[in-house]
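So you know, we letter chains A, B, ... as the sequences are listed, proteins then strands, and number each from 1.
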Amino acid sequence: MSHSVHSHPQLDVQVERKFIPKQKDLGADVTWAKINKDVLKSLEKPRPVFWVIFFSALALFSFGVYCEVYQYQNGMGVADLNNPQVWGLYIATFIFWIGMGHSGTLLSALLHIIHADWRKPIYRYSEAMTTFTLLTAALFVLVHMGRLWQFYYVVAYPNERWTWPNFTSPLVWDATAIGTYLTSSLLFLYMGMIPDLAICRDNARGARRALYRFLSMGWQGTDRQWANFKVAYMTMACFLMPLAVSVHSIVSTDFAVSQNPGWHVTSFPPYFVLGALYSGCSGIITLFIVLRYVFRFEAYMTQPILNKLIKMTFAIAMVWTYLDLIEYATTWYGSDEVAKADLIYRATGDYALQFWGMIFCAMVMPFTLLIRFVRHNYVVLLIISLILNVGMWLERFQIITPTFAKSHYPWTWTAGWWPSWVQWGIVAGSFGWFTMLFMLYCKIFPSVSMYEVKEMVHEQNMEEKALAAQTDVHEAGLVPEMKGGQA
Amino acid sequence: MTMSNLDRRDFLKVLGISGAAATLAGCGHTSIESGVEEVMSYVHPQDFVVPGIGVFYASTCAQCGSGCGIMGKVREGRVLKLEGNPESGISGGKICGLGQAGVQAHYNPDRLRTPMYKGEGGLTPVSWETAHQILEQRLGPNSPLKGEEIAFLTGGVSGHQRVLLENFLETFDSTHHVTYDALSTATGRAASKAILGAEQPLWNIHKARLILSFGNDFLGSGVSPVYMARQYALFRKAPRGTLIQIEPRMTLTGGNADRWYPIKPGTEGILALGIAHDLLQHEEFSRGVPQEILDLVKNYDRDAVSDITGIGSDAVRLIAAQLWNNTPSLVIAGPSVEGHSYGFSNAAAVQLLNVILGNRGQTMEGQAEHPFPQLTPTLGSYHALADLNQKMAAGKTQALLVYGTNPVFTAPSHLPFAESLSNVPFKVAFVTHMDETAGHCDLVLPLLSALEDFGTHVAEYQPDGVEVMLQQPLMEKLYPESKGYGDILLEILKKRKPEAYAAFPDYYSYLKTAMVKAKPVFKVSDSDDHFWEDALRNGLVKWDGKPTSLEARLPALTMPKPAELTTDYPFYFVPSIRPDMRDGRHAYLPWLQESPETMTTVVWDSWVEIHPKTAEAMQIKEGDILQIQSATGSVRAKAYLFPGIQPDTVSMPLGQGHTQLGRFATGVGVNPYKILDPIFDDHTGELAMHATRVALRKTGEHQVVVKDEGPTTFQNGQKLVATLSADQAKLSKEI
Amino acid sequence: MSLSNLIQNWNSFRTRRPYEGQYDDAPYKWAMVIDLDSCIGCNACTVACYAENNLPVVGKERFGKGQAMHWIRIERYWGEGDTMTSEFPDHGAQYLPMLCQQCEAAPCEPVCPVGATHHSPDGLNTQVYNRCVGSRYCSANCPYKVRYFNWWNYPDRAWPNPLELQLNPDVTVRSKGVMEKCTFCMQRLRAGMDKAKTEGRILADGEVLTACAQACPTSAITFGNLADKKSKVARMWKNQQVDLAKDSQEKSEEGIRGYRILEELNTYPSIVYLERVRNLEA
Amino acid sequence: MKKSHTLALYADMDEAANALRELKSSGMSGFRMEDVVVKSPIDHPELSELLGPRPVYIQWFTLLGVLLGPTTGLVLIASAQASFIYQVRGGRPVVPLPPDMVLTYELFILSGVLMTVLATFVAMKLPGNRSPLYNASVSEDKIGILVKADPQSIPQINEILGRHKPLEIMGDQAR
């Protein structure tokens, strides 16, 4: 037990600092009533920067819509796609968005299952992020389609011609998996929100009250409701985790079941899942910092929680790096000469900048997370988390484009293919769309789970009480607040 | 000369319609031409129209002079597709890309639809009445024109179009029919005539064990590519013959060679003499060779030849050895041999090898004597145009009729044809499309397309006896205001010489009468109508002519040593002939523009080919815009790095750079004709197309070369086109 | 209905293709042989295809973007490796007419989300334009890259009046957003097979040809019915010791030229290429 | 007999637990422990001992979902494949098992989730109306004990509830 006494030079006060075993996830001043007050306030009065973000997103989205309409009218040709380069940014960004969604599930489902309580203040927006990224990804399925107006052919519906989708196509698996994932995540998000919606209902006025009243469905917080709720929530969490794993595995089969060099890789499913979690986690860090500031969630989105999040991100980044490197290694030491040539092309060819950019952003940059300064400086951390995601986007880009550029068939190789402004516009629009939806969500629904933070507070209190009952509080040094300052 | 047992004079009369022989009026039309401008309900369709079922009609391809028999698939009154006519000995049921595109020439959106007359503001549409009035006023019975005051300038024409044309000129007491061909092979023909006694001997490609081709692109842009390609296929079957191609720039044929040698342009004759030198070491070959030749050849030992030509002395030995081992062989010369000031000697030196090797009667024969020489094609030359140009410039020509040629586009800039045109008071163009020459004319007459008009064709190269090919309309005319070439001429003729022509209501009846009159020659005992209908159905009439034998002359030759390249113009300039564009007349066909040129795969453009090594030394990358400067002029084109070219040579394809030929041709590429230097063959006076030398200048600009090939032109280890050594192949066991 | 169908035909629904003798009882299995020694690279086949199948001319700009629509293309290679082995192409160029290989186990088929491309009973890899939604997965998965997508509404510009009068009424003009590819001139086959069926027979050898085979001046393309053992194409396959249902061909001796391109990818193509022969000592 | 309701609000969980304990041990007639409802902002599993067995049946619905969903799904997919004009694709069997398994797996999860959600709403009696004795503070930081009993027992119950420092007691017969 260390016991140190410092003197404050200016104020000439003696600060007696106790050994602090571990900072709590939440401050001691967080009470149940404060939680209600803070979170409900976020629905009404965010910082003005909220509107800046919202309208910028709206503007980006509008530009994306313009590009899409232009493409719809004139054909996919405006995207400068061509015979080997049939997919371009659309599929790359599609995977990016699908991937982004996975960490929400990781936080809300897996950490729930293993009772990692630090997830509680941040899982709600992560789960919302999952839902909205899936919605954004689903947009790309449509944007990418040559005949958007016939999109319903992909859906299995009975018709007089007895035609069905082709169930052997990974794209149909995709559609099914994403449909399942979107439905399940949305229900999971909604289900977990019901007690909070009841809180909103109990405090709102006017139209909002009607909305919350409708959505909370008459939740009263009775013990029977809670008991059922807990079982149901746990069951769904148990479904969601393998679902998330299957979804990105299936997305990886879009590539892995094909013949193309660089795609026909056995390790693709875990590689994709990890990549998804990785980009999702850094996305969560980004949103953590943004929400914390915009909605004044400083009391809930605390440094200890962020630290845990960063640790998790770093660990996932390392596993992903490992999987990426074994993918290269198996190709390098394998006997598939075409795949090997493709790998060399990725690293040295027309898209070498993107390749090394990915290596730098997604493999090297995570190491900055080990620096304490980075973890504690939110501006720097925000930038780094964005860089990580740029890296992950580049990773998707360089899965698709170089493979098309240098496939089995030399005659149709392309050199330096580059997407047109329409593609970039739609990709930018998708970011606008996501941000817009997400910000709107945070403005309308509680983006911090009130009841679960209350549980956290409750458990912290219980813990303290139990400890306090055992030993002398002062001796054990378990009270984190500073004492003194009165002398 | 072989002659049939029929009186030939008689036939000349008949086919020439000289005198009162013309008695038959046009009787019932049997083609779909009948019913013109009648809207027919399918409730009562004509017998030959079955909705939904395509019917094939035979005709003749007019896209080039090869005279391939074709069949047009006609459905619901529209011609949809052309196929080869299996009856035709030339096409044998096959067709080339250029021929396929005939339908696009027919349906081309830029077809001229009304007559045009030069007024205040240039050419403006006029009615046919006006056009006829003008024609009658200028060329009618009261026309004072006589002799060389009138000139008829055409590309190669044959059959009754030629007969009618010459009959037309005859009424002016003129024989001033000028045939101009921008890709004239007159020099080569003259050399062949001098050595072998025939301008265009028959080549029995399939019988040759070895073909030594000096720049002759017989598979692509030669005299009869489809027939040659068919023969080539046989040549490649067991026992497989070997093709050696020697040329400065790889042609399509060169691309198919077993061995391809890049040679310095203009040194082909020297190489041929070098090979002859080697061959004449053997007594077997030297026997009977005159002393002049032995003296001439003496100086060309392998090393000397190797120095001049850039072909290694081992290669010279190898070529000679193979000629020695593989008999019969066939040695042919092409444009790159002829296109020099000493082109005649060059080509003659090449032909000399055939004589030395004894290929006459084996792989080379004379073409069968044509029973109707007046139907044979007129073969164009450059000097014919130059002569005409001189007369025009001197103001001797009062009226000029232009048909099937576009000299304003193809004449080099040192032949100011467009300027000379302004000296001619009356110029008429017969065209389907407004081209550069028509743009300079006073009266432009819209012709029926080749798929709408009647005609007969006789090919320059008659491989199998003699065929008179029939061209018949495959559908009704698209534009009511267009007229057949024969009909227009006939109409004037009727006025000028009504006693001979009044009986023919139209060109069709003229044609039918003439053909029917010729029936006895084809040994057909059918009735006249049957004969005619059979001819139309088959698309041709055939006469079993036997090949003639060739002579062997060994004239004394002098072979100049080509001048070295200078620092001012350090590159040889070789214009290349695209099999589809030819002299540029087909540039308005979108299928051909979009067809990647086989050797480079470039589309919709002009480019300059340069060897990668040369490009590297000059730091030129693909797509760099280069200025190609000759003593005469300069053009700018994108660089294309091409390994199949002699490193001191640059090459540009002909045919692009139109300023006026419809939307698909105008503004595409540049016209290399305009930088050709005024160098002429000493013997024939032909333009030496391959003698120009140029300098390259980088402009610093860069544009992407639009082409089909990607960044690699190699198979990169994939088994795509595998090559098997000929000694391992077991072709004789194959099916 | 479909359930009983499922149970009744379970065995046939569970069969993998191709298998030995698959077409023994079938009337037709369309196949091709392309003799690369005869092919001279003259582009007659490609233009014939434009004419027969209503292929749009896309123009320079779109061609430059790689959006050309040539169902059969002539590729010209300068060598087998990845560089020139000598300064000049001493043994000429290597021409390769590349068209849809009508693979028996076509990689494009299983990946189409809507089943727009599938295998017909006579062994063709079909493309149903009406069903296509334009996901382009088939093209992505095609190792030969012979599928062409309608990036634009090509008919808008490809056939200015009256060029559209040339269009073949038997062939659909494709609108934007659908995938297309060589059909082995399906319309000709269909008409021929229907005619033969009414006459109670099967098509004779050579009765129906694809446009490319019909045009080819050197007859390098042989097209026919592989199910008919007496047809020329079947005899050539046998002579060249290529078995439709094998993914690598054992040859009884050296010098047999028949091979299928990228056969190692288990695509089982229906086109056999015959190696180009060159007198390498010349 | 018509039952009456009473609701007591507590600031402290321990007090609420004591009140429940006393209610349970009082053994009075006219009321059953099953009729006691605790309303709270969070789940209090520690109270379940006092409240007696309150079983949850959701998992059985889930089981039903995960059994029925994939089975019907697989049969439907296979039948659809069989009825689709006998389309062979890429040489694969018309009814290929690995892809169908992928879809079956997704349907397994989807039907599981949907049945769970359905069962949850049924079990939680949602959507439903709040009882008249709902107080908004139970969604903030208070704990409510709602007792349903015979009207004559209500005063006694109120008394027991009142002994444990309630913030408020409301009900049909509230003080």
Side-chain angles (χ1 to χ4, degrees), chain A residues 72-88 91 141 144-155 161-175 254-255 257-261 263-264 338 341 400 403-404 407-414 417 420, chain C residues 1-2 58 61-70 73 75-77 82 96 98 107 109-118 128-154 156 175-179 261-262 264-267:
Chain A
Y72 184 98
Q73 295 288 343
N74 293 285
M76 302 300 292
V78 298
D80 279 6
L81 294 166
N82 64 25
N83 180 15
Q85 294 284 356
V86 288
W87 283 354
I91 295 293
V141 175
H144 152 86
M145 228 175 239
R147 297 209 298 168
L148 172 54
W149 49 97
Q150 307 287 27
F151 76 94
Y152 55 89
Y153 285 178
V154 188
V155 183
R161 291 187 186 85
W162 287 94
T163 48
W164 296 93
N166 174 16
F167 297 108
T168 56
S169 168
L171 289 185
V172 171
W173 310 346
D174 264 5
D254 284 356
F255 305 98
V257 303
S258 86
Q259 305 254 23
N260 291 336
W263 290 6
H264 195 59
V338 180
I400 288 174
T403 286
F404 280 140
S407 62
H408 281 111
Y409 208 76
W411 188 255
T412 57
W413 286 357
T414 59
W417 176 86
S420 77
Chain C
M1 181 190 124
S2 49
V58 303
E61 188 199 350
R62 291 173 181 180
F63 200 108
K65 284 182 176 177
Q67 296 164 341
M69 308 294 281
H70 36 35
R73 58 178 188 246
E75 295 166 6
R76 189 269 297 114
Y77 294 103
D82 51 8
L96 177 65
M98 178 44 69
E109 290 171 5
V111 298
C112 173
V114 291
T117 178
H118 63 93
V128 185
Y129 306 128
N130 281 345
R131 182 70 178 160
C132 178
V133 293
S135 77
R136 309 189 286 288
Y137 199 166
C138 50
S139 168
N141 212 19
C142 174
Y144 311 94
K145 299 285 178 243
V146 286
R147 294 182 143 263
Y148 298 92
F149 188 71
N150 283 274
W151 299 107
W152 308 85
N153 205 23
Y154 289 111
D156 287 349
S175 65
K176 74 177 172 196
V178 300
M179 191 59 79
I261 291 176
L262 298 182
E264 66 275 17
L265 297 176
N266 293 353
T267 50

Looking at chain A, which one of C:Pro143, C:Gly115, C:Ala140 has the largest number of heavy-atom pairs inside 4.5 Å, strictly under?
C:Ala140
In terms of heavy-atom pairs under 4.5 Å with chain C, which of A:Asp254, A:Asp174, A:Val257, A:Val172 leads?
A:Asp254
Any donor and acceptor pair, going by atom type alone, linking the side chain of C:Arg136 with main-chain N or O of A:His144 inside 3.5 Å?
yes
Which of C:Cys132, C:Cys142, C:Ser175 touches chain A most, by non-hydrogen pairs under 4.5 Å
C:Cys132
Under 4.5 Å from any heavy atom of chain A - which part of C:Asn141:
both
Residue selection (most heavy-atom pairs with chain C, distance under 4.5 Å) from A:Thr163, A:Val155, A:Leu171:
A:Leu171
Work out which heavy atom in A:Trp87 is nearest to a heavy atom in C:Ser135; give both atom names and the distance.
NE1-O, 3.2 Å
Assert top hit (heavy-atom pairs under 4.5 Å, partner chain A, pool C:Pro113, C:Ala116, C:Gly66, C:Gly134) equals C:Pro113
Whether A:Asn166 side chain and C:Pro110 backbone form a donor-acceptor pair below 3.5 Å
yes
Taking all heavy atoms of C:Arg73 and all of A:Thr412, pick out the closest pair and write down the distance.
NH2-CG2, 3.7 Å
dist A:Tyr409:OH -> C:Met98:CE (nearest 0.5 Å) comes out at 3.0 Å
Restricting to non-hydrogen atoms, name the atom on C:Cys112 and the atom on A:Ser169 that form the minimum distance, rounded to 0.1 Å.
O-CB, 3.3 Å
Treating C:Lys145 as the side-chain partner and A:Phe404 as the backbone partner, does any N or O pair qualify as donor plus acceptor under 3.5 Å?
no
Side chain, backbone, both or neither of C:Arg131 within contact of chain A (heavy atoms, under 4.5 Å):
both
What part of A:Trp149 gets within 4.5 angstrom of chain C, counting heavy atoms only: side chain, backbone, both, or neither?
side chain
Looking at chain A, which one of C:Arg62, C:Arg147, C:Arg76 has the largest number of heavy-atom pairs inside 4.5 Å, strictly under?
C:Arg76
For A:Gly146, is there any backbone N or O sitting under 3.5 Å from a side-chain donor or acceptor partner on C:Trp151?
no
Between A:Ser407, A:Pro165, A:Pro261, A:Pro170, which has the largest tally of heavy atom pairs under 4.5 Å with chain C?
A:Pro170
Derivation of the side-chain contact (heavy atoms from CB on, under 4.5 Å) call for C:Val133 and A:Phe151
CA-CA 7 Å; C:Val133 293; A:Phe151 76 94; over 6 Å; no
Given that the side chain runs from C-beta out, which part of A:Tyr72 has a heavy atom under 4.5 Å from chain C: side chain, backbone, both or neither?
backbone
Flag yes if more than 12 heavy atoms outside C:Glu61 fall under 6.0 Å of its CD atom; otherwise flag no.
no
In short, salt bridge (charged side-chain N to carboxylate O under 4.0 Å, His left out) pairs touching residues 77-88 of chain A with sequence neighbours left out are A:Asp80-C:Lys65
Once ring pair (Phe, Tyr, Trp, His ring centres under 6.0 Å) is applied, do any residues pair with C:Tyr148, and if so which ones, sequence neighbours excluded?
C:His70
If you apply the rule side-chain contact (heavy atoms from CB on, under 4.5 Å), what do you find for C:Phe149 with A:Met76, and how did you get there?
CA-CA 9 Å; C:Phe149 188 71; A:Met76 302 300 292; 3.8 Å; yes
Any donor-acceptor pair under 3.5 Å linking the side chain of C:Gln67 with the backbone of A:Leu81?
yes
Atom pair NE2/CG of A:His408 and C:Leu262 - distance to nearest 0.5 Å
6.5 Å
Any idea which of A:Val154, A:Val78, A:Val86 has the most non-hydrogen atom pairs under 4.5 angstrom with chain C?
A:Val86
For C:Leu265, is there any backbone N or O sitting under 3.5 Å from a side-chain donor or acceptor partner on A:Gln259?
yes
Does any heavy atom of chain C fall under 4.5 Å from the side chain of A:Phe255, the backbone, both, or neither of them?
backbone
